[in-house]
Every structure is written in structure tokens, then in C-alpha cells.
Amino acid sequence: MAETVDRDGGLPEDLLITILMALPAKCLVRFRSVSKYWNSLITSTEFINIHLAQAKPLLLFHHHNQSYSLRLDDESLDMWSNSEFELPSKREDDDFQIIGSCNGVMCILNTLQDHGQSMILWNPSIGKSLNLVLPRLSDPFRGIFGFGFNRQSNDYKFVRVATPQYPVGCHVYSVKKRSWKAIDVSPALGCIKPIPSVLWGRSSSYNYAFLNGVLHWIVDREEFGSRFVLSFDLRNDSFGKVMLSPYLASKLDEWMSILVYDNSVSLFLNDLDTRYIEIWALKKYGAMKLWARKIRINAVGIGLAMVCRQNGEILMTRYPSDEVVSCDPQSKEIRDLKKLGLSDYASSFVESLALLDELKEPSFTSAVSSFKCFH
């Protein structure tokens with residue numbers, strides 16, 4: 001069988017693709033200049049998605065000195081890069097808060113009111129960012145935020161729900177369409193607000209779980225003093241809600257956050273009375289969704305559950321120091337990870353070419369990336 005030859009008359013196409021797939025994202029960005037064919041190949045949606053699927057799992061940390069770093073998500077937890085992230089277009093008086101990350105794209109909010117609230121979608125691996133000004137829904141501004149990827153439409157979306165106001169106001173930004181969309185919110189949601197952030201160094205407005213195309217937040221409904229999980233499906237831009245179990249609903253005075261654990265939307269509960277930490281997973285039984293307790297560990301001095309690792313362990317912080325620890329749900333052992341320093345945020349991360357196929361649009365600007373071509 002004759003091999004398919006590269007259109008530039010060089011390597012066979014299948015061999016070329018195999019070689020390119022093994023290269024870091026930043027190298028691939030540079031190699032687009034080799035030829036029009038290489039540029040077309042590397043910026044194609046199919047190539048970007050396959051390269052993403054085989055990316056090395058990493059962990060992203062935000063440190064107390066306002067820097068970001070990447071580490072390997074393996075036993076070593078070694079630094080993936082010798083240097084740290086540098087935020088794009090940062091002024092001295094900017095106040096950046098990381099909302100989250102998805103497929104190697106970071107969503108960062110500039111909360112400084114004097115300059116007008118803005119949001120940055122930033123892929124540090126390819127050194128590009130998209131800057132957006134948020135539409136004003138209420139004054140003063142408060143709300144909940146989420147960022148995710150709709151696989152069906154190959155579109156990244158940023159969601160902001162402005163609270164407290166009635167009816168609840170919501171806007172969704174579509175990267176693919178380059179536009180904001182106002183979403184009608186069911187009056188049944190009532191007047192909602194983020195849960196109190198007594199524990200967090202960062203606001204609970206930024207705590208969400210993203211799984212299978214759906215964003216999830218924990219919110220309080222003011223008029224009834226109740227708490228539930230609010231969801232937003234990026235595939236059809238629709239809201240939903242899941243009520244808490246009677247046990248969880250009785251824990252309104254305890255520290256609570258939401259995360260993805262064992263491929264399930266889960267609640268992390270820090271019970272100050274019993275000094276136990278618990279994780280409750282949302283499971284589907286036929287048409288019903290029920291909360292099932294997965295973990296209960298006696299742990300004094302634990303603050304926040306941040307992210308689940310590839311090996312099943314959960315990275316948490318001590319309170320109030322923000323020292324990072326790792327919890328093994330099977331052995332119930334909690335071990336210190338002093339090499340990671342102090343951190344108030346961690347998430348899963350990958351280096352990717354995400355958003356590279358959008359670079360032809362003039363709204364994208366170069367951003368500084370601290371990564372070298374090879375690690």
C-alpha cells in the first residue's frame with residue numbers, strides 16, 4: 001500500500017502527524033510557519049482535539065504570592081516548568097481572580113471596579129488570550145461564575161449569574177459566536193446567592209463543578225433559608241436544580257464546597273462540630289438523583305478540598321495556613337506536601353492547543369507565556 005505523502009513533498013502524512021502529536025503545544029505553534037499545510041494541519045479542530053486527548057495530566061496551583069505554577073500529576077509532583085506563569089496585560093492595580101480552567105484554557109476575572117469588570121480567557125501554553133468586558137447586570141455586582149466546554153458544538157462558554165436580584169439575571173459568552181446571550185431564568189429559582197465564604201481565601205462565587213457539559217454551584221435561596229445545587233447545561237443553555245438530602249440540608253452552618261470526585265458531582269462537607277470531613281456524591285438511580293456518602297474521615301485543621309488527582313487522592317488545604325495536604329480516601333491517611341508551598345487554589349490542567357483555531361480573529365492578542373519549548 002502506497003503511503004500518503006506530505007503535501008509539501010516531505011515526510012509521509014501519517015508519520016508527520018505522529019511526530020507532531022508528540023510535541024509540546026508551544027513548539028507546534030512555532031511550527032505553523034513551516035508551510036501553509038503544516039499551519040492548516042496544526043490548527044485543525046481534529047488535530048487540536050487528538051493532541052488534547054493524549055496530553056500529560058498536570059496540576060495548576062495559585063500561590064499566595066499571586067503566581068501560578070504547574071506540577072506533574074504523578075507520585076513525584078515535580079515542577080513541570082522551571083518558571084511560573086505570568087498573567088497577560090497585568091497592571092499594578094489589577095485584581096485577578098481565577099474562575100477555573102478547562103482543556104488548558106484558564107478563565108480569569110479582573111474584579112477591579114474602577115476599570116470595569118473584565119474577563120480573560122488565556123491559554124498559557126500557546127501564549128494567547130481573549131479579553132472580554134462583562135455586561136453589567138446589577139450594581140453593586142455580585143454573582144456566581146462558571147467556565148466550560150460544549151463538546152457537541154466545539155465551543156467554550158463563560159457563564160455569569162448575577163445575584164442577589166429577582167428575577168435572577170444571567171449572561172453566557174460563546175467563544176465560537178463571539179457574543180453574549182441573555183438567558184431567561186425560571187422564577188422558581190427565586191432570589192439566590194452564593195453560600196457564605198467564611199472558609200475561602202477566594203470567594204465562593206468561583207466554586208463550581210464542571211462535568212459532562214454541565215456546570216454546578218451550591219447556592220442559598222434567601223427567602224426560604226434553604227440550599228441546593230444549581231446546574232447549567234452548556235449544550236442547551238438551560239438551568240436545573242438538585243435539592244440536598246435532609247442531612248446535608250441541616251448543615252447550613254458548616255463549611256461546604258462542590259467538586260468532581262470519582263466522576264461524580266460531589267459536595268465536600270467540613271463538619272466543625274464532629275471534626276469530620278465528608279464527601280457526598282450525586283448518583284443517579286433510574287430517574288432519581290440521590291446523595292451517597294463516599295468518604296468520612298476524622299481530620300482536624302482541614303479547610304478546603306481543591307481537586308482530585310489521577311491516583312484518586314484529594315488535594316486539600318489546612319486551615320488557616322493554606323498548606324497543601326493530600327488525602328487518600330482508601331487508607332484515610334492525610335500527608336503534608338510541603339514542597340507545594342501555600343496555595344488557595346488547585347485544579348487539573350493540561351497543556352493544549354485549545355483556542356488556536358480561533359487565532360485568525362482580531363480579538364485575540366499575544367500574551368506572555370513562561371514555558372520553554374521543551375521541558
Min side-chain heavy-atom separation [X]-[Y] under 4.5 Å:
| X | Y | result |
| --- | --- | --- |
| Met316 | Glu323 | no |
| Leu230 | Ile218 | no |
| Ile108 | Ile99 | no |
| Leu130 | Leu132 | yes |
| Phe210 | Leu234 | yes |
| Cys170 | Val159 | yes |
| Leu353 | Phe47 | yes |
| Phe349 | Leu59 | no |

Say whether [X] and [Y] are linked into one hydrophobic cluster, either directly or through other cluster members, by side-chain heavy-atom distances under 4.5 angstrom.
| X | Y | value |
| --- | --- | --- |
| Val350 | Ile48 | no |
| Ile42 | Leu52 | no |
| Ile126 | Met21 | yes |
| Leu282 | Val214 | no |
| Trp280 | Leu211 | yes |

Filter on salt bridge (Lys or Arg N to Asp or Glu O under 4.0 Å), then keep only pairs touching residues 294-306, sequence neighbours left out; what's left?
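Pairs touching residues 294-306 that pass the test: Glu278-Arg296.
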
Centre-to-centre under 6.0 Å for Tyr247 and Trp291, is that the case here?
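No; Trp291 has its ring centre 6.0 Å or more from that of Tyr247.
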
Go through it in stages, so that I can follow the logic: the residues are Leu77 and Arg309, the test is side chain to side chain contact (heavy atoms under 4.5 Å, CB included), and I'd like the CA-CA distance, side-chain angles, deciding distance and then a yes or no.
CA-CA 11 Å; Leu77 286 172; Arg309 300 180 56 195; 3.7 Å; yes

Quick one: [atom1] on [X] to [atom2] on [Y], what's the gap to the nearest 0.5 Å?
| X | Y | atom1 | atom2 | answer |
| --- | --- | --- | --- | --- |
| Ser125 | Lys26 | OG | NZ | 9.5 Å |
| Cys107 | Trp122 | SG | CH2 | 13.0 Å |
| Ile334 | Cys327 | CD1 | SG | 4.5 Å |
| Asp220 | Ser226 | CG | OG | 7.5 Å |
| Ile98 | Phe145 | CD1 | CZ | 14.0 Å |
| Asn39 | Leu356 | CG | CG | 8.0 Å |

For the pair Ser153 and Lys176, evaluate side-chain hydrogen bond (donor to acceptor under 3.5 Å, both in side chains) and give the outcome as yes or no after the intermediate values.
CA-CA 9 Å; Ser153 60; Lys176 193 172 186 178; 5.7 Å; no

Under a 3.5 Å distance rule, please check whether [X] uses its side chain to pair with a backbone N or O of [Y] as donor and acceptor.
| X | Y | result |
| --- | --- | --- |
| Tyr261 | Phe268 | no |
| His216 | Ala209 | yes |
| Ser101 | Gly104 | no |
| Arg30 | Cys27 | no |

Heavy-atom pair with the smallest gap, counting every atom of Leu267 and Leu259:
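Smallest heavy-atom distance, with atoms named: C-CD2, 4.5 Å.
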
For Ala354 and Asn123, work out which heavy atoms get closest and say how close.
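What the structure gives for the nearest pair is O-ND2, 2.8 Å.
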
Should Lys339 and Asp78 count as an ion pair when the cut-off is N to O under 4.0 Å?
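Salt bridge present between Lys339 and Asp78.
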
Salt-bridge test for Lys56 and Asp73: reply yes if a basic N is under 4.0 Å from a carboxylate O, no otherwise.
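Asp73 and Lys56: not salt-bridged.
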
Can a donor-acceptor pair be found between the side chains of [X] and [Y] at a distance below 3.5 Å?
| X | Y | answer |
| --- | --- | --- |
| Ser352 | Asn103 | no |
| Ser347 | Tyr345 | yes |
| Ser264 | Asp262 | no |

Residues in salt bridge (Lys or Arg N to Asp or Glu O under 4.0 Å) with Asp237, at least two apart?
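Result, salt bridge (Lys or Arg N to Asp or Glu O under 4.0 Å) vs Asp237: Lys157, Lys181.
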
Tell me, with the steps shown, if Leu121 and Asn131 meet side chain to side chain contact (heavy atoms under 4.5 Å, CB included).
CA-CA 7 Å; Leu121 296 183; Asn131 298 272; over 6 Å; no

For Ser238, enumerate each residue passing the side-chain hydrogen bond (donor to acceptor under 3.5 Å, both in side chains) test, keeping only those at least two apart in sequence or located in another chain.
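side-chain hydrogen bond (donor to acceptor under 3.5 Å, both in side chains) check on Ser238 returns Asn236.
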
With under 30° as parallel and over 60° as perpendicular, where do the rings of Phe158 and Trp180 fit, or are they tilted in between?
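Aromatic pair Phe158/Trp180 classed perpendicular.
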
Arg235 atom CZ, neighbour heavy-atom count above 12 within 6.0 Å:
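Check passes, neighbour count above 12.
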
Working note: Tyr276 + Asn270, criterion side chain to side chain contact (heavy atoms under 4.5 Å, CB included); need CA distance, chi angles, decisive distance, verdict.
CA-CA 6 Å; Tyr276 275 86; Asn270 193 333; over 6 Å; no

Per the ring pair (Phe, Tyr, Trp, His ring centres under 6.0 Å) rule, which among Phe232, Phe228, Trp217 passes with Phe239?
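Of Phe232, Phe228, Trp217, ring pair (Phe, Tyr, Trp, His ring centres under 6.0 Å) with Phe239 is met by Phe232 alone.
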
Is there a salt bridge (Lys or Arg N to Asp or Glu O under 4.0 Å) between Arg318 and Asp336? Walk through the geometry before answering.
CA-CA 9 Å; Arg318 291 200 181 277; Asp336 290 319; 3.0 Å; yes

Take Phe31 and Leu41, measure what side chain to side chain contact (heavy atoms under 4.5 Å, CB included) needs, and give me the verdict at the end.
CA-CA 11 Å; Phe31 290 162; Leu41 174 65; over 6 Å; no

